[in-house]
Amino acid sequence: MTRLKLYNTLSGRIEEIVPSDGQPIKMYVCGPTVYSRAHIGNFRTFMATDMLRRTLKFLGMEVLEVMNITDVDDRIIQLASAKDTNIEAFTEEPTRAYLEDLATLRMEIPEVMPKATEHVGEMIALIEQLMARGHTYTVDGSVYFRIASFPSYGGLSRLDVSGIKTGARVDTDKYEKEDARDFVLWKLKGDEPPWAQWDASFGRGRPGWHIECSAMSMKYLGETFDIHCGGVDLIFPHHENEIAQSECGTGKLFAKHWMHVDHLLVENETMSKSKGNVYNIPDLLARGFRSDQIRYMLAQSHYRKAFNFTWDGLAQVETALARIHTFWNRLLEETSTPAGPAHDDVVQAATSALAAFEAALANDLNAPEALAAVHGLVSEGNSVADRGTVNGAGARVLLDALKKMDQVFACFEPPTGDLLSGDEQALFDARQDARKRRDFSAADVARKALQERGVILEDTAKGTRWKRVRA
RNA sequence: GGCGGCGUAGCCAAGUGGUUAAGGCGGAGGUCUGCAAAACCUCUACUCACCGGUUCGACUCCGGUCGCCGCCUCCA
């Protein structure tokens, strides 16, 4: 079995992912905070983790993935209060929208998607454990983690935390801490509404942000698990804090492997509401792009490199992906060609493309290189098809290879189900009639009319095909 | 200031201490076609920000310069 080699933030090296005997690969992804619709930057990260889990499966491994839904946080409480509602009602829509977007992008649904509010008990238990082991202190009823009690703190981010001095930063928590590096595990009941408070042995209040990931990951994956994923911005302090509270709570190694996905920029700028460049999935769909094109765009980049989203780039994706779709359709048609064994060069093309594809992904999820293998298959396949040496069996071999690759990219299969409208169908038929009469000027009029509606025609030996392009 | 990353053709983007520096988009020419589209063929970086160094040999390793970016504070 080919092993996946993945960069590990913890060691700073590329290391193999090896499942514990008989166990699935256990991965945790820091999921969305459901206070508004997730944007394409969020999905850049989640697309990378989707590619990770699909690659693991492609390489023959089982996967157990947990992705949390953060449904308690200051923004949520604030927004829900302002709307005179509560957490459950307020987060319902953003959560639904998130799941809808995941489906749109054909991301596999993680095996477990726990909500923070449903795991406050586990968080309290972990905090009690930390208290018992002497890693906490309490100020005005709020419980803090004492970083001084965890000497290896800072190992993930390689930050010299001693430089972070008390009072050296703006403390938005408005709670007093012994040391600025310390972080809150439990916030004492303040002026938040009753629906944002929970009872704990150490006082009524609400959990800090970091504790939920520790509690939920360990509940479903065990105290030590394989891969922990998230955006690069979470390395510090979130993941650093997770490690501290988890390892101090259990005395065991928390996550073996840390995968961090770099950010997405829009036209070379960071996304921000003031710039008006924060796009979400419905925004892109509204511009006429299809979900498979959006998926291809997000999946094509290397996860450890900043990805620059541009409208021009998305337009380039349209053409590149159309080439693959056209090839797929061509193979479907060729499979009905008379049988006989597949030619050697066809089998060879499929085999070597698949090998290159697998090797690329196994090498730290090198998506661009994997895509090169896909396009290589398309080129060679088209080439032999043009030479007429692809019979039904050969086409099936090529299509099987492409389908195999699509287990990871999930956007190579041409969109189906799209139909011509009545008007369009009438124009299409009229053109076919005109062509039969060899009245080509009439035929071209019909084609032009269809083109203006975004329908492009292709006359082939097996009939006339049509496809829709962005108007 | 500290830590880290990036700079490859018109655009996007891989890559390696040593044969012709992947692939896609775009462009040029050709084949095919009623015309197109699709596809195929040929061409499109004598060069990998710049300057030094190490080496038999560097785009790939080291040092420096310039430029861009991220983190050190909530953030995918």
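The chains referred to below are lettered A, B, ... by the order of the sequence lines, with proteins before strands, and numbering in each begins at 1. Nothing here was measured: the structure is a model prediction, and the numbers come from that model.
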Chemist: Between Lys275(A) and Glu267(A) (salt bridge meaning N to carboxylate O under 4.0 Å), is one present in this structure?
Modeler: no
Chemist: Base, sugar-phosphate alone, or nothing: which one does Arg330(A) contact when heavy atoms must sit under 4.0 Å apart?
Modeler: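 Sugar-phosphate: the residue Arg330(A), judged by heavy atoms under 4.0 Å, touches backbone atoms but no base.
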Chemist: Provide, to the nearest angstrom, the distance between the NZ atom belonging to Lys273(A) and the P atom belonging to A76(B).
Modeler: 11 Å
Chemist: Any chance CG of Asp418(A) has more than 12 other-residue heavy atoms, nucleotides or ligands included, within less than 6.0 Å?
Modeler: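 Atom CG in Asp418(A) is packed in, count exceeds 12.
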Chemist: Is the cationic atom of Arg304(A) (NZ for Lys, CZ for Arg) positioned less than 6.0 Å from the six-membered ring centroid of Tyr7(A) and within 45 degrees of its normal?
Modeler: yes
Chemist: Salt bridge between Arg37(A) and Asp283(A), side-chain N to carboxylate O under 4.0 Å?
Modeler: no
Chemist: Start with the C-alpha distance between Phe309(A) and Phe43(A), add both sets of side-chain angles, then the distance that settles ring-ring contact (aromatic ring centres under 6.0 Å, His included), and finish with yes or no.
Modeler: CA-CA 12 Å; Phe309(A) 167 81; Phe43(A) 285 111; over 10 Å; no
Chemist: Report which part of the nucleic acid Leu265(A) touches: base, sugar-phosphate, or nothing (heavy-atom distance under 4.0 Å, all strands).
Modeler: nothing
Chemist: What residues in residues 297-314 of chain A put a non-hydrogen atom under 4.0 Å from any atom of RNA chain B?
Modeler: His302(A), Lys305(A), Asp312(A)
Chemist: Treating Glu65(A) as the side-chain partner and Glu111(A) as the backbone partner, does any N or O pair qualify as donor plus acceptor under 3.5 Å?
Modeler: no
Chemist: Within residues 459-468 of chain A, which residues have any heavy atom lying less than 4.0 Å from an atom of RNA chain B?
Modeler: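 Those residues whose heavy atoms fall under 4.0 Å from RNA chain B, taken from residues 459-468 of chain A in numerical order, are Asp459(A), Lys467(A).
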Chemist: Taking a pair as Watson-Crick or G-U wobble with both distances under 3.5 Å, which nucleotide is matched to C50(B)?
Modeler: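 C50(B) is paired with G64(B).
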Chemist: Verify whether one side chain among Gln425(A) and Asp429(A) offers a donor that lies under 3.5 Å from an acceptor in the other.
Modeler: yes
Chemist: Produce the list of close N/O pairs, under 3.5 Å, pairing protein atoms with atoms of nucleotides 23-31 of chain B; give distances to one decimal.
Modeler:
unit_1 : atom_1 : unit_2    : atom_2 : d
G24(B) : N2     : Gln316(A) : OE1    : 2.8

Chemist: Salt bridge or not between Asp406(A) and Arg106(A)? Use side-chain N to carboxylate O under 4.0 Å.
Modeler: no
